[in-house]
Amino acid sequence: METRECLECNETVKGRVDKKFCSDYCRNAYNNRVNKDSKNLIRNINNRLRKNYKILADLNVSGKTKVTRTQLYNQGFDFQFFTSIYKTKTGNTYFYIYDEGYLPLENETFLLIRKER
């Protein structure tokens with residue numbers, strides 16, 4: 001019978017023939033190490049989306065508010081991160097972070113809106 005070694009700690013694996021790890025701890029440690037880079041990327045993007053959402057929600061108390069680009073930048077808003085785009089028949093383009101959105105207007109102003117839930 002062939003001896004198998006744990007992919008994480010190289011201990012002898014006992015049990016089923018297709019078992020790769022000696023314990024749940026080793027299985028979790030191995031998968032966390034292998035997926036570390038992709039998880040960090042996703043975590044960073046989600047953190048930026050969360051921050052943008054909070055900024056829009058804090059500034060848009062009434063459901064429709066006008067703000068300047070400077071107000072958004074000063075709070076740390078990042079215009080590269082949003083979850084969806086909505087184009088109207090009239091050609092306006094709304095950018096959304098979940099249910100909070102903004103419409104770029106002229107003179108560096110933005111209309112902040114909230115989707116009906």
Side-chain angles (χ1 to χ4, degrees):
M1 188 163 136
E2 184 181 321
T3 58
R4 292 166 286 127
E5 291 183 349
C6 176
L7 295 177
E8 180 65 17
C9 69
N10 296 324
E11 291 287 322
T12 304
V13 175
K14 297 175 184 165
R16 293 190 341 237
V17 210
D18 60 342
K19 195 171 176 185
K20 297 178 183 179
F21 304 99
C22 63
S23 67
D24 286 338
Y25 175 82
C26 281
R27 180 178 48 83
N28 285 327
Y30 176 85
N31 286 322
N32 286 339
R33 186 171 37 82
V34 168
N35 297 323
K36 181 180 175 185
D37 292 336
S38 65
K39 285 182 181 177
N40 280 339
L41 174 67
I42 292 167
R43 184 180 307 115
N44 291 338
I45 290 171
N46 284 336
N47 286 339
R48 288 181 180 157
L49 287 171
R50 191 176 298 114
K51 183 175 182 178
N52 278 356
Y53 182 85
K54 183 174 178 353
I55 291 167
L56 291 180
D58 289 347
L59 290 173
N60 189 14
V61 180
S62 66
K64 267 192 179 178
T65 309
K66 284 188 180 180
V67 296
T68 63
R69 180 180 294 274
T70 307
Q71 285 175 291
L72 292 170
Y73 270 135
N74 287 345
Q75 299 229 358
F77 192 84
D78 190 339
F79 287 93
Q80 294 180 350
F81 292 92
F82 49 86
T83 56
S84 64
I85 297 175
Y86 175 70
K87 290 191 179 194
T88 63
K89 292 178 184 174
T90 59
N92 292 331
T93 303
Y94 290 85
F95 297 87
Y96 280 96
I97 297 132
Y98 307 113
D99 64 337
E100 297 285 342
Y102 62 93
L103 171 67
L105 302 172
E106 53 213 24
N107 300 326
E108 299 289 307
T109 59
F110 293 86
L111 175 66
L112 304 183
I113 57 165
R114 185 175 301 123
K115 277 186 189 175
E116 297 289 324
R117 294 178 193 193

Taking atom [atom1] as the centre, does [X] end up with more than 12 heavy-atom neighbours from other residues, nucleotides or ligands that are less than 6.0 angstrom away?
{"X": "Tyr86", "atom1": "OH", "result": "no"}
{"X": "Phe81", "atom1": "CZ", "result": "yes"}
{"X": "Lys19", "atom1": "NZ", "result": "yes"}

*asked:* Walk me through whether Tyr102 and Asn60 qualify under side-chain hydrogen bond (donor to acceptor under 3.5 Å, both in side chains).
replied: CA-CA 10 Å; Tyr102 62 93; Asn60 189 14; over 6 Å; no
*For Asn40 and Arg43, does a side-chain donor sit closer than 3.5 Å to a side-chain acceptor?*
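A pair is found: one side chain offers a donor N or O, the other an acceptor, under 3.5 Å apart.
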*Please lay out, stage by stage, how Phe110 and Phe79 fare under the test ring pair (Phe, Tyr, Trp, His ring centres under 6.0 Å).*
CA-CA 12 Å; Phe110 293 86; Phe79 287 93; 5.3 Å; yes
*Roughly how far apart are Thr83 OG1 and Tyr53 OH, rounded to 0.5 Å?*
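One finds 10.0 Å between OG1 of Thr83 and OH of Tyr53.
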*Give, for atom CD1 of Ile45 and atom CG of Leu41, the distance between the pair rounded to the nearest 0.5 Å.*
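Output value for this atom pair is 4.0 Å.
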Non-hydrogen atoms of [X] and [Y] that approach each other most closely:
{"X": "Leu105", "Y": "Lys66", "answer": "CD1-CE, 3.9 Å"}
{"X": "Cys22", "Y": "Glu11", "answer": "SG-CB, 4.4 Å"}
{"X": "Phe21", "Y": "Val13", "answer": "O-CG1, 3.9 Å"}
{"X": "Leu59", "Y": "Leu112", "answer": "CB-CD1, 3.7 Å"}
{"X": "Thr68", "Y": "Gln71", "answer": "N-OE1, 2.8 Å"}
{"X": "Ile55", "Y": "Leu72", "answer": "CG2-CD2, 4.1 Å"}

*Any donor and acceptor pair, going by atom type alone, linking the side chain of Asn32 with main-chain N or O of Asn28 inside 3.5 Å?*
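The answer is yes, because a donor-acceptor pair under 3.5 Å joins these two groups.
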*Donor-acceptor pair, Asp78 side chain versus Gln80 backbone, under 3.5 Å?*
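Yes, because the side chain of Asp78 sits within donor-acceptor range (under 3.5 Å) of the backbone of Gln80.
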[X] side chain near [Y] side chain, heavy-atom distance below 4.5 Å:
{"X": "Ile113", "Y": "Tyr96", "value": "yes"}
{"X": "Cys9", "Y": "Tyr25", "value": "no"}
{"X": "Leu56", "Y": "Asn52", "value": "no"}

*Does the cation-pi check pass for Lys51 over Phe77, that is, NZ or CZ under 6.0 Å from the six-membered ring centre and within 45° of its axis?*
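No, a cation-pi geometry is absent between Lys51 and Phe77.
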*Can a salt bridge be assigned to the pair Lys20 and Glu8 using a cut-off of 4.0 Å between side-chain N and carboxylate O?*
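Answer for the salt bridge query: no.
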*Taking side chain to side chain donor-acceptor pair (under 3.5 Å) as the test, write out the residues that go with Glu108, two or more places apart.*
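For Glu108 the side chain to side chain donor-acceptor pair (under 3.5 Å) partners, ignoring immediate neighbours, are Arg69.
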*Just do the side chain to side chain contact (heavy atoms under 4.5 Å, CB included) check on Tyr94 and Ile85 with the steps written out, would you?*
CA-CA 6 Å; Tyr94 290 85; Ile85 297 175; over 6 Å; no
_Shared hydrophobic cluster, Ile42 / Ile97 (ILVMFWY, side-chain heavy atoms < 4.5 Å)_ =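 No.
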*Can you tell which of Lys54, Lys64, Arg114 makes a salt bridge (charged side-chain N to carboxylate O under 4.0 Å, His left out) with Glu100?*
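The residue from Lys54, Lys64, Arg114 that satisfies salt bridge (charged side-chain N to carboxylate O under 4.0 Å, His left out) with Glu100 turns out to be Arg114.
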